[in-house]
Amino acid sequence: MTAGEPIALIPAIAAEVDRVTRDWDAAGRGRVRAALEHLEVNVAGGVPGVVSVEATWHGDPAAQPSAVQGSTREFEDLVVAASAAAGERGRRGVVLLVDEIQAADPGGLRTLSYAWQHFQSERPDLPAAILAAGLPDSVARINQAVSNSERFAYRKLDDLPHDAALMALASPAARFGVTWDDAALEAAVEYAAGYPHTLQLVGDNTWRQAGLPDPGARLTSAQLGLALAAVEEDIEELFTARLSKVTNPNDIRLVRALASLGDGPARRADLAAAMGVESDALGVPRARLRGAGIITDTAHGYLAFTVPGFARHVRRHFGVDAAGEDRGRDRP
C-alpha cells in the first residue's frame, strides 16, 4: 500500500488486510473479521495519550477523513489475528509493505511505532514485520511524529553496484531462457548508472525491441540502442515532472548551482560559493528539495541529485553549463 492516500494509514492497512483475507477459509477469515470489527467499534474511543480519534471507521475507509485512527491495542489485535490466520494457511507470517512512508499521517506512524514496541516486549516471536520505503527525509518525518522511532532500523538505499545491476538485468531474462550479449549488458549497466528505475526502463524497452523473445534468444547491442531512445523519452518526462516541483526562487538557485558543479556530489561549501551565500543559507532550500526527492546527502558535507542524469537536464533547461557559465536561456 501507499501512504499519503486520502485515508489515514491505519484504516488503509485495515482495508488492505480485509481485501487480502476475503477469500481465506472460514476460521481464518472469521478471526480477522472479528479483529476488524473490534477495531471499528473501538476506533471512536482511542487510548488516551496514544492516539487521537475523530471519527469511526465503518469498513469503508475511503468514505472517512484522513484523521480517522484506531487505538494501538485494537490495531495490534488485527496484526496478531492476521498472523495467526496466515500461519494456518501454511504461511510464515505477515509483512506490511508501505511505500511513500514520509507521507503517512503522524497518528498512523505513532500507532505503528507503539504497536511494534509492544510486540517487541510482549510478543517477541510474533511473525509480523513492517517494511517501508520513502524519500530521504522519511527518518526526520517519522522522528517528528513519534519519540520512540529509534526502535526502527533505517537503511539508506544507494544506487546498485555494478554486479548487482548486471544481475538485475540478466537474471529476469535468464528465467525465460534469454541471454544478453556481454557488450550489450555492460552498455546497459553503464547507461543506468545503478539507478533502479532506469534499469527497469532499460530492461523493459530492450525486451520489447527484441519482440518479447522466446527461450534461446539473445538481447543485442542493436536492440539496446533502439531501446535507449525510448528510455531517454521516459527519463526526460521524469526529469520534467521533478523539475516542475521546484518553484521557490531559492530552491531554483540551489538546483542550478548544483547542476553547474557537474554530475556528481558537490561539497556544500562549493555549492554555497556558487550561489554567493553562506553555507548556513542552504538549510531551508536543502530541506525542501530533500523532501521533494530532488536532492540527497551522499556523505558528510556533500549533496547530489537523486537521479543520475538530472544535472544534465537542469543545465539544458536553465542554460547553465558545467563550468558555471549562465547562458541566460529559460531563466525563471
Side-chain angles (χ1 to χ4, degrees), residues 1-17 39 43 46-54 57 61 64-76 78-80 82-83 93-124 126 128-159 196 242 245 251 282-300 303-304 306-307:
M1 59 159 294
T2 303
E5 300 285 340
I7 57 174
L9 183 61
I10 298 306
I13 292 175
E16 187 66 11
V17 171
L39 176 62
V43 73
V47 177
V50 175
V51 67
S52 175
V53 180
E54 300 182 14
W57 174 56
Q64 298 296 331
S66 61
V68 178
Q69 293 297 331
S71 70
T72 299
R73 289 301 186 181
E74 279 69 45
F75 175 69
E76 291 172 28
L78 176 60
V79 176
V80 171
S83 299
V94 169
V95 178
L96 305 180
L97 303 176
V98 183
D99 197 12
E100 303 292 349
I101 190 65
Q102 80 285 342
D105 56 292
L109 291 172
R110 286 193 293 272
T111 297
L112 277 184
S113 181
Y114 293 136
W116 252 261
Q117 179 179 347
H118 295 160
F119 289 151
Q120 287 174 345
S121 60
E122 300 168 6
R123 296 176 177 269
L126 182 71
I130 305 171
L131 292 178
L135 294 176
D137 68 335
S138 296
V139 176
R141 300 280 183 95
I142 295 171
N143 288 341
Q144 291 171 359
V146 58
S147 60
N148 68 344
S149 59
E150 69 276 1
R151 293 176 179 270
F152 296 134
Y154 299 103
R155 297 291 184 271
K156 182 180 178 181
L157 299 180
D158 295 317
D159 292 338
R242 290 212 172 190
K245 300 178 183 179
D251 297 356
L282 300 180
V284 173
R286 168 179 165 268
R288 279 195 296 259
L289 291 169
R290 289 181 78 249
I294 304 294
I295 65 173
T296 187
D297 297 284
T298 59
H300 181 68
L303 295 176
T306 55
V307 184

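From I295, atom CD1 reaches atom CG of L289 across 4.5 Å, with rounding to the nearest 0.5 Å. Expressed to the nearest 0.5 Å, how far CD1 of I294 lies from CG of D251 amounts to 9.5 Å. Interatomic distance, CZ of R110 versus CD of Q117, reported as 14.0 Å (0.5 Å rounding).
The shortest distance between side-chain heavy atoms of V79 and V94 does not fall below 4.5 Å.
Across L109 and R141, no two heavy atoms sit closer than the pair CD1-O, 4.4 Å. For D105 against G108, the heavy-atom pair with the smallest separation is OD2-N, 2.8 Å. Across all non-hydrogen atoms, the minimal contact from D137 to G291 is OD2-CA, 3.2 Å. What you find for L39 and F75 is that their closest heavy atoms are CD1-N, 4.2 Å. The shortest heavy-atom contact between G293 and T306 is O-OG1, 2.7 Å. The two atoms that bring L135 and A292 nearest to each other are CD1-C, 4.1 Å, heavy atoms only.
Every residue was checked against the side-chain hydrogen bond (donor to acceptor under 3.5 Å, both in side chains) condition with Q144, not counting sequence neighbours, and none meets it. Take T298 and apply the side chain to side chain contact (heavy atoms under 4.5 Å, CB included) test, not counting sequence neighbours, and it matches P265, T296, Y302, A304. Partners of F152 under the ring pair (Phe, Tyr, Trp, His ring centres under 6.0 Å) rule, at least two apart in sequence or in another chain, do not exist in this structure. Scored by the salt bridge (charged side-chain N to carboxylate O under 4.0 Å, His left out) test, R290 finds D297 as partners (sequence neighbours excluded). Annotation: side-chain hydrogen bond (donor to acceptor under 3.5 Å, both in side chains) contacts of S138 (sequence neighbours excluded): none.
A salt bridge links E122 to R73: at least one charged side-chain nitrogen sits closer than 4.0 Å to a carboxylate oxygen.
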Show me the donor-acceptor pairs within less than 3.5 Å that the side chains of residues 9-17 make with the rest of the protein, sequence neighbours left out.
| unit_1 | atom_1 | unit_2 | atom_2 | d |
| --- | --- | --- | --- | --- |
| E16 | OE1 | R19 | NE | 3.3 |
| E16 | OE2 | R19 | NE | 3.3 |
| E16 | OE2 | R19 | NH2 | 2.5 |

